[in-house]
Engineer: 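Following this message is one structure expressed as structure tokens.
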Amino acid sequence: MPWKHGYTISDEVGIKDAAIRWPDGKRMAAHIVVNLSLASGPAGITRADIESGPAAFAINEGLDLLLAALARQSFPVTVAVPAVMARALAPRLRAMRAAGHEIAALGVKHEDTSGFSRADEANVIRLATEVLADVVGERPVGWFTLPRQLDRYGVGTLSPSTIELLLDAGYTYFGNGLADDAPHYWVTDPTTRRAMLALPYYYHFDDQHFCMFPAKGTGLENSDMLIRNLRAELAAQWRRGRYFTMVLHPQHAGWCNRLGPIDAFLADMAKLSGLWMATGRDIARHWLKAHPPETNLALEPSIWKDYPGSLS
Amino acid sequence: MTSTLEQEIDGLAAAALAYASRFERIDKVSWPNGARIAVNFTADFDAMLLRRLANESPLQLAKGEFGGRVGIWRLIELFDGHGIKATIFTPGRICELYPRAVIAAAKSGHEIADHMWEHHVPKDPDLERDHLLKAAAAIEALTGKRPVGTRSWHTQALLKSEGFIYNSHGSEQHGPGYAYDAAGGNVLVNLPFHYAIDDAMFFSMSWMRSDTLEQRISDPDRVLDMWWAGFRQQYDAGGYFNVCLHPFVSGRALRIAMLDQLIVRMKELPGVWFASCEDVARHCLAQHPPRGGHF
């Protein structure tokens, strides 16, 4: 690659546009993630988060409006759900699954596990998986660690063990990778080539970073910028025949001044030729078959040398 | 007898003038073939190095990794498609992480210049020298050419002694000029850039370790308008425009498209000289040598 632990998670050169194959000769894939977390910060969902106006809106009118907008275009989406919200919204989740959406995991409370012990993090994964399986009737195959508005970084949080634990727990894909804008492999052990498929995420395509960000009352409303970013990325990736993804929250995307432009954007997406609208599960299934790690992950020995006075 | 405060006024006023006097402007700069403006597209190829240096989280590192796996290749493709020679400021360690990209950029004729060994300059002079030599050797090993330019905080005397001719690091003036050290010596060509014409300021959350509450991310349409206004002002004035990019930021598809639009608009105007920083520096040395004497 050359591989360097602590610096890189995948191989040296990402897949080229021309090498990407989508099903049925489609030109590009698009993945919409609906985030049902109400967590404002790294602690995950708190009582204060739940007992708030935006929370009540999110699980009622906001969710109705966002799902209706998606249904108008018949777009299947991945719904990332913390176990807490799965319990709260169990009938709705079952209805979403029945409508063709995927239900994926987002922790127990959408907590930041980066400081957890391996055992504690494994327990979060086990419990979240069980709750989702119980509510939906099938185990989730995708795991997300999406950022919250008040996180230190807008990329999501991982511990050094997270990806290994997800592989151990049988997950198919990790939902918020940042090392590529096409699906790519997150290598946990370069010797054995153990790797997990990562689907792309980017904070410029996540509504929460433009909607009263980072907190209501003091934040900035830049939802016009969100829409311009989404439109620019979709057009650019369509020309490349690559991949588009965005994350929408009912409490953000569902509110009137954002909903109209989102609705119009979804309608324009539907008019694009060769667009494969798919859930994370379907994209992962296709990618693992069309671009398996055995033939697509080019790992080479590191040429890194350690020196005194330099970072190792 | 003057008061302490009055002494402070005099001291600071003298310091302001002394510092500013270290930078020499080139008046009425002329460009090759009568061009009106020189444009330097520069890319700071940090990838995840700065994130690693700041001990940031795994996904912050992955955000930077995008620059090495994907972004740098797209920038090379963009510049090659437009016949533009860019300058890639490359930390030495990046040569060990992304040798293929560095080699490919050099093969396309882009300038590979120094961006410090691992994106910082050690305070200890011996270690500083060690880092600069390592970075220069790493670049030379891949490209066959020792860098003559840098974007760094390296000591000017050290840069001078190692054969560097320019630094592209400050915003002391719009156009190219000369920078002297505090003793008035060790002159280097100064190729200024400004944070307002720097992609990371608009598109990278947590850049320079900023907090969530300080975030300000934007969109390509808005930034294109601002950069175009900057370019147009310098074009009309007859000057210089240095665009600072980062492969992990500008390598994103929507921004490559934005840069493509920017370049297409620039090329519609006559007299735009797209050059590497080294070309601009050598031109200045040949046509507008420093007034302060021997280079």
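Every chain is numbered from 1 and lettered A, B, ... according to where its sequence line falls, protein lines coming before strand lines. The figures here come from the full heavy-atom set of this structure, side chains too, leaving out hydrogens, waters and symmetry mates.
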Engineer: Which atoms of B:M205 come close to chain A, meaning under 4.5 Å heavy atom to heavy atom: side chain ones, backbone ones, both, or neither?
Structural biologist: both

Engineer: Given a strict heavy-atom distance threshold of 4.5 Å, which part of A:R231 is in contact with chain B: side chain, backbone, both, or neither?
Structural biologist: neither

Engineer: Applying salt bridge (charged side-chain N to carboxylate O under 4.0 Å, His left out) between A:D181 and each of B:R69, B:K63, B:R74, report the one that passes.
Structural biologist: B:R74

Engineer: If we check ring-ring contact (aromatic ring centres under 6.0 Å, His included) with A:F205, which of these qualifies: A:Y201, A:Y202, A:Y203?
Structural biologist: A:Y202

Engineer: Count the heavy-atom pairs under 4.5 Å between each of B:A47, B:P58, B:G67 and chain A, then report the option with the highest count.
Structural biologist: B:P58

Engineer: Could you tell me which of B:V70, B:L61, B:D130 has the largest number of non-hydrogen atom pairs under 4.5 Å with chain A?
Structural biologist: B:V70

Engineer: Between B:P220 and chain A, with a heavy-atom cut-off of 4.5 Å, which part of the residue counts as in contact: side chain, backbone, both or neither?
Structural biologist: both

Engineer: Check side chain to side chain contact (heavy atoms under 4.5 Å, CB included) between A:R193 and all other residues, then give those that pass, not counting sequence neighbours.
Structural biologist: A:L297, A:L299

Engineer: Of all of B:G64, B:A253, B:S206, which one pairs up most often with chain A through heavy atoms under 4.5 Å apart?
Structural biologist: B:A253

Engineer: Determine whether B:L245 and B:V249 make a side-chain contact, defined as any pair of heavy atoms from C-beta on separated by less than 4.5 Å.
Structural biologist: no

Engineer: Side chain, backbone, both or neither: which part of A:F174 has a non-hydrogen atom closer than 4.5 Å to chain B?
Structural biologist: side chain

Engineer: Looking at A:L178, A:I303, A:T157, A:T145, which one has more heavy-atom pairs under 4.5 Å with chain B than the rest?
Structural biologist: A:L178

Engineer: What part of A:N176 lies closer than 4.5 angstrom to a heavy atom of chain B: side chain, backbone, both or neither?
Structural biologist: both

Engineer: Taking side chain as everything from C-beta outward and backbone as N, CA, C, O, which of these in B:I72 sits under 4.5 Å from a heavy atom of chain A? Side chain, backbone, both or neither.
Structural biologist: neither

Engineer: Checking B:I217 against chain A: side chain, backbone, both or neither under 4.5 Å from a heavy atom?
Structural biologist: both

Engineer: A:R240 versus chain B, heavy atoms under 4.5 Å apart: side chain, backbone, both or neither?
Structural biologist: side chain

Engineer: For B:D221, which atoms come within 4.5 Å of any heavy atom of chain A: side chain, backbone, both, or neither?
Structural biologist: side chain

Engineer: Under 4.5 Å from any heavy atom of chain A, what part of B:R255 do you find: side chain, backbone, both or neither?
Structural biologist: side chain

Engineer: Minimum heavy-atom separation for B:W228 and B:M266, please, with both atom names.
Structural biologist: CZ3-N, 3.7 Å

Engineer: Sort B:Q261 into side chain, backbone, both or neither according to what part of it lies under 4.5 angstrom from a heavy atom of chain A.
Structural biologist: neither

Engineer: Provide the closest heavy-atom pair for A:S223 versus A:E221 in the form atom of the first, atom of the second, distance.
Structural biologist: OG-OE2, 2.8 Å

Engineer: For the CZ atom on A:R194, are there more than 12 heavy atoms of other groups (residues, nucleotides or ligands in this structure) within a distance under 6.0 Å?
Structural biologist: yes

Engineer: Are the side chains of A:Y7 and B:L49 in contact, using a 4.5 Å heavy-atom criterion?
Structural biologist: yes

Engineer: Run through A:W186, A:F144, A:W143 and flag the one making a ring-ring contact (aromatic ring centres under 6.0 Å, His included) with A:Y171.
Structural biologist: A:W143

Engineer: Could you give the distance from CH2 (A:W22) to CH2 (A:W287), rounded to the nearest 0.5 Å?
Structural biologist: 5.0 Å

Engineer: In this structure, is the centre-to-centre distance between the rings of B:Y195 and B:F193 below 6.0 Å?
Structural biologist: yes

Engineer: Sort A:S310 into side chain, backbone, both or neither according to what part of it lies under 4.5 angstrom from a heavy atom of chain B.
Structural biologist: both

Engineer: By a 4.5 Å heavy-atom criterion (distance strictly below it), what part of B:E118 contacts chain A: side chain, backbone, both, or neither?
Structural biologist: side chain

Engineer: Compute the ring centroids of B:H115 and B:F45, then answer whether they are less than 6.0 Å apart.
Structural biologist: no

Engineer: Would you mind telling me which of B:M258, B:K134, B:R222, B:Q60 has the largest number of heavy-atom pairs within less than 4.5 Å of chain A?
Structural biologist: B:Q60

Engineer: If you count heavy-atom pairs under 4.5 Å with chain A, which of B:A257, B:P122, B:S57 comes out on top?
Structural biologist: B:S57

Engineer: With a 4.5 angstrom heavy-atom cut-off, is it the side chain or the backbone of B:H120 that approaches chain A, or both, or neither?
Structural biologist: neither

